[in-house]
Amino acid sequence: MLEKCLASLEEAKHALTFASGLGAQTAILSILSSEDHIVASVDIYGGTRRLFENYISRKSVEVTFADFDQYDNISRAIKNNTKMLWFESPTNPTLKIFDIEKIAKLAHDRGEIIVVLDNTFLTPYFQRPLELGVDISMYSLTKYLNGHSDVIMGAAVINDSELKNRLRYIQNCTGIIPSPHDCYLVNRSLKTLAIRLEQHQRNSIEVAKYLETHARVVRVFHPGLKSHPNHELFKKQARGHSGVLSFSHSGGRHESYIILSSVKIFAMAESLGGFESLIGLPTLTSHGSLDKHVKEAMGITENLIRLSIGLEDPEDLIVDLEGALKKAFPG
Ligand code: P1T
C-alpha cells in the first residue's frame, strides 16, 4: 500500500521501498555490472559518496565524480561504458541547484544512461523529478516523507516497467526490505506531508532571512532566497523548499562548537526532515566520513553549519540562534 501511495504522489507507475535511504541506493547501484561506469555529482550526501567510493568502486564499478556546476564537466565525464548518472538538487549540505531537465537530456542524448536524482530534500510535494526526465526518483523516507524521526526507510520511484522489474528482483533477492510496521508509520505520516512541508518552508525562509541580516553570518545557503545564485532555476523546477538550510559564519571551529553547544531548542544531531529542529556541523556529521580535501572541494568547512528547521514557532528558533551567535561572537 505504501509503495502505491508513494508512486501516486509523483503520478508515477511504480515505487519500491527499502530498509533505508542507503539501502535504496545499494539496490539501485546493484543494477550495474562490473566494468560499468557511473558519473556522480561531487555535491552529494557524505554517506552516498562513501558508498560510491569505498563500496561500489570495490565491486569493479568505475565511478567518476564531476562538478555539476559546469555542464561541460558532466559531458566530459560520460564514457562509452557509462550506465548511470547520479545527483541531488538541492544538494546536501550547500543547497546547490542544478538544471534537472537539462542534465537528464544531456545523459539520455549520450546513450542508455539511467538518471537517478536523490529527491530526499524536497519530496514529491515540492519537486517531481520523473516529470523532468529523470529515470529513478530516489528517497530517504527517513527524512521528510516520514517526518517524525522514528523510522529509517528508503524508496525508488520509477515509470519504466522493465527497470522496475529489475529493481523488484534485487529488492526480493537481497532482502533490503522495510518492516511492515515501519511501512504503516510512513503511510500514516504521508497524510500530513503537505501541511508539514508548508510549515517547514515558512519557518526555514524566516530563519534564513534573519541569518542574512546577522553581521557575523557570511553566507546563507537556501534556494528560496533571492540571493541564491540559482533561485530562478529553482523556482522553475520546484514548487518550494523544505527546512534544510546552511550558513557560514566569520569564525572557525571554535565558534561553531560554541554555537552548536549553546542552542537550546535545536538538537545537535545528524539527519534532517523531522518535526524538531536539528543543528549539525557537516564536516563532522553528514560528511564526517570524507577526506578533508574532498570536503574542502565541496565547500564543507569548519564554519559551515547546517540546520534542519522543524515545525516550532520560527520566532523561538530565531531567538535561540541569536543567543548562540552572541555567545560565539561576544561584543
Ligand atoms: O539515512 P538513510 O535513510 O540511509 O538515507 C541516506 C540519505 C540519502 N540521501 C540524502 C540526500 C541524505 O541526506 C541521506 C541521509 N542524510 C543524513 C543522515 C544527513 O544528516 O544528511
Side-chain angles (χ1 to χ4, degrees), residues 2 6 16-29 40-56 68 86-98 100 116-124 126-127 129 134 136-157 174 176-179 182-183 185-186 189 200 204 221 223 238 241-246 260 266-274 276-290 295 298-300 304-310:
L2 174 62
L6 288 171
L16 293 96
T17 50
F18 299 91
S20 63
L22 283 169
Q25 298 184 350
T26 305
I28 294 167
L29 292 171
S41 165
V42 166
D43 294 284
I44 46 176
Y45 165 53
T48 309
R49 170 101 187 195
R50 181 176 53 190
L51 182 65
F52 288 163
E53 216 162 46
N54 297 354
Y55 182 74
I56 197 73
F68 276 37
W86 192 294
F87 66 119
E88 298 172 5
S89 179
T91 63
N92 186 352
T94 51
L95 288 308
K96 285 188 184 175
I97 299 297
F98 300 124
I100 299 171
V116 184
L117 184 93
D118 184 336
N119 199 32
T120 297
F121 275 22
L122 293 191
T123 84
F126 282 141
Q127 181 166 272
V134 164
I136 303 181
S137 207
M138 182 259 133
Y139 295 94
S140 165
L141 302 181
T142 316
K143 315 298 190 285
Y144 288 104
L145 284 153
N146 180 57
H148 292 70
S149 307
D150 52 6
V151 165
I152 292 175
M153 209 194 286
V157 180
T174 59
I176 313 176
I177 54 159
S179 82
D182 284 354
C183 291
L185 287 173
V186 176
S189 299
H200 282 297
S204 75
F221 303 79
H241 182 62
S242 59
V244 192
L245 70 109
S246 299
L260 262 67
F266 286 85
M268 188 175 24
E270 188 145 352
S271 203
L272 56 103
E276 79 284 55
S277 289
L278 304 180
I279 189 165
L281 200 59
T283 190
L284 296 180
T285 53
S286 59
H287 294 70
S289 62
L290 306 185
K295 287 189 275 202
M298 295 170 78
I300 300 175
L304 182 82
I305 291 179
R306 192 186 75 186
L307 305 175
S308 173
I309 302 295

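Each ligand, and each atom within it, is numbered from 1 in the order the structure gives.
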> Is the closest heavy-atom distance from S271 to ligand 1 below 4.0 Å?
Replying inline: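 It does, in that a heavy atom of S271 comes within the 4.0 Å cut-off of ligand 1.
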> Should L272 be listed as contacting ligand 1, given a heavy-atom distance under 4.0 Å as the test?
Replying inline: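 Judged by the 4.0 Å heavy-atom criterion, L272 does count as contacting ligand 1.
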Can you check whether [X] reaches [Y] side chain to side chain, under 4.5 Å on heavy atoms?
{"X": "E88", "Y": "F98", "answer": "no"}
{"X": "L29", "Y": "T26", "answer": "no"}
{"X": "L95", "Y": "S246", "answer": "yes"}
{"X": "I100", "Y": "Q127", "answer": "yes"}
{"X": "P124", "Y": "L145", "answer": "yes"}
{"X": "R306", "Y": "V244", "answer": "yes"}
{"X": "E276", "Y": "S149", "answer": "yes"}

Nearest protein heavy atom with distance in Å, relative to [atom]:
{"atom": "atom 19 (C) of ligand 1", "value": "R306 NH2, 3.4 Å"}
{"atom": "atom 10 (C) of ligand 1", "value": "D118 OD2, 3.4 Å"}
{"atom": "atom 4 (O) of ligand 1", "value": "L22 N, 3.0 Å"}
{"atom": "atom 3 (O) of ligand 1", "value": "T142 OG1, 2.5 Å"}
{"atom": "atom 5 (O) of ligand 1", "value": "S140 OG, 3.1 Å"}
{"atom": "atom 16 (N) of ligand 1", "value": "Y45 CE1, 3.2 Å"}
{"atom": "atom 13 (O) of ligand 1", "value": "N92 ND2, 3.1 Å"}

> Does an N or O from I152, backbone or side chain, lie closer than 3.5 Å to an N or O of ligand 1?
Replying inline: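 No: no nitrogen or oxygen of I152 is under 3.5 Å from one in ligand 1.
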>> Under the side chain to side chain contact (heavy atoms under 4.5 Å, CB included) test against M153, which residue among I177, D182, L185 passes?
In response: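 It is D182; the other options fail the test.
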> atom 1 (O) of ligand 1: which of E270, Q25, K143, E88 has the nearest heavy atom?
Replying inline: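 Looking at heavy atoms only, the winner is K143.
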>> Within ligand 1, which atoms have a heavy atom of S286 less than 4.0 Å away?
In response: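 What qualifies from ligand 1 is 19 (C), 20 (O), 21 (O).
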> Atoms of ligand 1 less than 4.0 Å from S20 heavy atoms?
Replying inline: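 Reading through ligand 1 atom by atom, the close ones are 3 (O), 4 (O).
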> Between H241 and F126, does the ring centroid distance fall short of 6.0 Å?
Replying inline: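 Not close enough - the centres of the two rings lie 6.0 Å or further apart.
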> Where does H287 meet ligand 1, judged by heavy-atom distances below 4.0 Å: at the side chain, the backbone, both, or neither?
Replying inline: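 The answer is neither.
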